[in-house]
Amino acid sequence: MPRLRHVLFDLDGTLIDSAPAILASYRDAFEVAGREPACPIDASIIGPPLTETLELLAGDCDKVLIDRLAEQFKRSYDRTGYRQTSAFDGIPAMLARLKGSGLSMSIATNKRLHPTRLILRLLGWENHFDAVYALDLFEPRLPDKAAMIARLLADCRIDPASAVYVGDRDEDGRSADANHLPFLAATWGYGSLSAAEMAPHWRAFESPAALAEALLGCG
């Protein structure tokens, strides 16, 4: 791997355990709407953008319904739900170590920008990241994570040869590939990729400490 200067992170399932908050707010949205979800509301649904997940849960793409569910989810999550978020074990120490080493760190997440900022403030991480990108950071909204990473790299003038992307899902790996970034898979989260799902050129890490060692070894 070339000399590393920039680490781009996914958020949910990689740095934070937001499952309790997210799942509670999805359940609240369906309860208020008087709808039964079409599939279980469990940790397997966390990761994709809100609208995509609501369409899956509703088993329906009706815009009026999805907009109503989305508004209730946002209301629940942004007011109080996000406070149930916690960092995975070892993440605060890893971030402090990487920050102290002089590496530039950024966030590229499917989570909406507003709760992302609320969570970073809650965890005391506002000053860790040089850039925080979400699909709704721009108008019109960015279409997917690959486009978001491309925009972050361009805006911050980051050479892909000096950066990596860290995430926990297949989408994260494919988005890194689309931008010619090495992909490092965090296997401690709920979106953990199995060995069979890993592309040959992706690397998996079982702990934040092991990931930090690899990142600093390339710096």
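Just so you know, residue 1 is the first one in the sequence shown, and it goes up from there.
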Verdict with reasoning, Lys74 to Glu71, per salt bridge (charged side-chain N to carboxylate O under 4.0 Å, His left out): CA-CA 5 Å; Lys74 293 173 187 177; Glu71 285 308 309; 3.8 Å; yes
Run the numbers on Leu15 and Ile107 for side chain to side chain contact (heavy atoms under 4.5 Å, CB included), then give the verdict. CA-CA 10 Å; Leu15 299 181; Ile107 295 287; 3.7 Å; yes
Chi angles and distances behind the side chain to side chain contact (heavy atoms under 4.5 Å, CB included) call for Phe183, Asp170: CA-CA 10 Å; Phe183 176 60; Asp170 177 76; over 6 Å; no
Evaluation steps, side chain to side chain contact (heavy atoms under 4.5 Å, CB included), between Asp155 and Tyr133: CA-CA 11 Å; Asp155 290 349; Tyr133 273 47; 2.7 Å; yes
Assess the residue pair Asp144 and Ser175 against the criterion (side chain to side chain contact (heavy atoms under 4.5 Å, CB included)); give the C-alpha distance rounded to whole Å, side-chain angles, the decisive distance to 0.1 Å, and a yes or no. CA-CA 9 Å; Asp144 52 39; Ser175 299; over 6 Å; no
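With values rounded to the nearest 0.5 angstrom, Cys61 atom SG is found 10.0 Å from Leu56 atom CG. Between the CG atom in Leu8 and the CG atom in Leu153 there is a gap of 6.0 Å [rounded to 0.5 Å]. The CD1 atom of Ile22 lies 8.0 Å from the CD1 atom of Ile45; values are rounded to the nearest 0.5 Å. Rounding to the nearest 0.5 Å places NE2 of His6 at 5.5 Å from OG of Ser104. The structure places CZ of Arg141 at 9.0 Å from CE of Met148, a figure rounded to the nearest 0.5 Å. Between the CZ atom of Arg97 and the CG atom of Leu95 there is a distance of 12.5 Å, given to the nearest 0.5 Å.
Side-chain heavy atoms closer than 4.5 Å link hydrophobic residues (I, L, V, M, F, W, Y) into clusters, and following such links, possibly through other members, connects Leu113 to Ile46. Linking Ile, Leu, Val, Met, Phe, Trp and Tyr residues whenever their side-chain heavy atoms come within less than 4.5 Å places Ile158 and Met105 in a single cluster. In the hydrophobic cluster analysis, where Ile, Leu, Val, Met, Phe, Trp and Tyr join through side-chain heavy atoms closer than 4.5 angstrom, Leu57 is grouped apart from Val32.
Heavy atoms of other residues, nucleotides or ligands lying less than 6.0 angstrom from CZ of Arg27 number more than 12. Residue-environment remark: CZ (Arg79) stays at or below the threshold of 12 foreign heavy atoms within 6.0 Å. Shown here is Asp89, whose CG atom has no more than 12 heavy atoms of other residues, nucleotides or ligands within 6.0 Å.
Of all heavy-atom pairs spanning Asp172 and Asp168, the tightest one is OD2-N, 2.9 Å.
If you check the side chains of Trp202 and Asp177, you find a donor sitting under 3.5 Å from an acceptor. Checked by atom type, the side-chain pair Asn110/Glu171 shows a donor-acceptor distance below 3.5 Å.
Between Tyr77 and Phe73, the ring-plane angle classifies as parallel under the 30° and 60° cut-offs.
Contact of the Trp125 side chain with the Ile91 side chain is registered, since non-hydrogen atoms from C-beta on lie closer than 4.5 Å.
With hydrogens and angles ignored, the 3.5 Å screen pairs no side-chain donor or acceptor of Ser76 with any backbone N or O of Gln72. In this structure, Asp67 contributes its side chain and Val64 its backbone to no donor-acceptor pair below 3.5 Å.
With sequence neighbours excluded, the residues that form a side-chain contact (heavy atoms from CB on, under 4.5 Å) with Ala33 are Arg35, Arg68, Leu69. Legend: residues meeting salt bridge (charged side-chain N to carboxylate O under 4.0 Å, His left out) with Asp28, ordered by chain and number and at least two apart, are absent.
Note on residues 108-132: pairs passing salt bridge (charged side-chain N to carboxylate O under 4.0 Å, His left out), not counting sequence neighbours, are Asp12-Lys111, Asp78-Arg112.
Looking at Lys145 and Asp10, a side-chain N of the basic residue comes within less than 4.0 Å of a carboxylate O on the acidic one, giving a salt bridge.
Taking the centre and axis of the six-membered ring of Phe138, the NZ or CZ atom of Arg151 falls inside the cone set by 45° and 6.0 Å.
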